[in-house]
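When reading the values below, keep in mind they use all heavy atoms of this one structure, side chains included, and skip hydrogens, waters and symmetry mates.
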Amino acid sequence: HDPNSAVLNSNRSGALASLGKYSEALIDAEKAVSLRPEWGKAYSRRAAAMYGMGRYEEAVETYRRGLEVEPENAQMAQALTDVTSKLAEA
């Protein structure tokens, strides 16, 4: 296993988030973003971890950044809409 693999860090981030371990998920997502800043999925993982931690404003900014590098990512665009709606409710 290559600890410097963006895919490995991204996948582990997703697994940790699904277990509710958002702070650990964020660490792996940050690593994935730093390793592959042009990869939208890494930003999606980072934003999902932030969302899980209740850091909604940061999640919105991260989804926006991810869409800058991968504008055709419909899943990320939908997630941005969902988080923005969550913020509007607060």
Side-chain angles (χ1 to χ4, degrees):
H1 300 303
D2 179 4
N4 290 318
S5 165
V7 173
L8 178 127
N9 281 280
S10 174
N11 288 344
R12 189 169 55 200
S13 175
L16 288 165
S18 72
L19 295 171
K21 297 181 178 185
Y22 300 112
S23 59
E24 292 173 57
L26 181 57
I27 292 167
D28 281 343
E30 296 277 7
K31 180 81 170 177
V33 169
S34 71
L35 291 167
R36 270 180 77 182
E38 74 290 348
W39 188 36
K41 181 75 164 192
Y43 293 94
S44 184
R45 297 288 196 202
R46 182 176 187 258
M50 290 177 164
Y51 181 87
M53 298 169 76
R55 293 165 58 178
Y56 304 127
E57 293 89 356
E58 290 170 278
V60 166
E61 288 307 311
T62 300
Y63 280 128
R64 286 185 179 143
R65 178 69 184 109
L67 286 166
E68 286 174 16
V69 299
E70 204 173 293
E72 71 286 354
N73 188 318
Q75 184 180 5
M76 200 167 3
Q78 182 59 55
L80 173 59
T81 299
D82 294 345
V83 179
T84 303
S85 295
K86 180 83 169 173
L87 272 173
E89 295 170 8

Co-members of V7 in a cluster of I, L, V, M, F, W and Y side chains, linked at under 4.5 Å =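 Direct or chained contacts put V7 with W39.
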
Apart from M50 itself, which Ile, Leu, Val, Met, Phe, Trp or Tyr residues share its cluster (side-chain heavy atoms under 4.5 Å, direct or through members)?
->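 Taking Ile, Leu, Val, Met, Phe, Trp and Tyr as members, M50 shares its hydrophobic cluster with Y22, L26, M53.
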
Looking at every non-hydrogen atom in both residues, tell me the closest pair between [X] and [Y] and how far apart they are.
X	Y	answer
A48	Y63	N-OH, 3.8 Å
T62	Y43	CG2-O, 3.2 Å
D28	S13	CB-CB, 3.8 Å
S10	A32	N-CB, 4.0 Å
A17	A25	N-CB, 3.7 Å
N4	K31	OD1-NZ, 3.2 Å

May I have all residue pairs that pass side-chain hydrogen bond (donor to acceptor under 3.5 Å, both in side chains) and include part of residues 71-80, sequence neighbours excluded?
->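 Of all non-adjacent pairs touching residues 71-80, those that pass side-chain hydrogen bond (donor to acceptor under 3.5 Å, both in side chains) are E70-N73, Q78-D82.
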
Shared hydrophobic cluster for L67 and V60 (ILVMFWY, side-chain gaps under 4.5 Å) |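 Yes, L67 connects to V60 through the hydrophobic network.
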
Could you list all the salt bridge (charged side-chain N to carboxylate O under 4.0 Å, His left out) pairs where at least one residue sits in residues 33-42, not counting sequence neighbours?
->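 Every salt bridge (charged side-chain N to carboxylate O under 4.0 Å, His left out) pair that includes a residue of residues 33-42, provided the two are not neighbours, is R36-E38.
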
If you look only at pairs with a residue in residues 44-53, which of them pass as a salt bridge (charged side-chain N to carboxylate O under 4.0 Å, His left out), with sequence neighbours excluded?
->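 Output for this query lists E30-R46.
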
Name the atoms and distances for all side-chain donor-acceptor pairs under 3.5 Å in residues 83-90, with sequence neighbours left out.
residue	atom	partner	partner atom	Å
T84	OG1	L80	O	2.7
S85	OG	T81	O	3.0

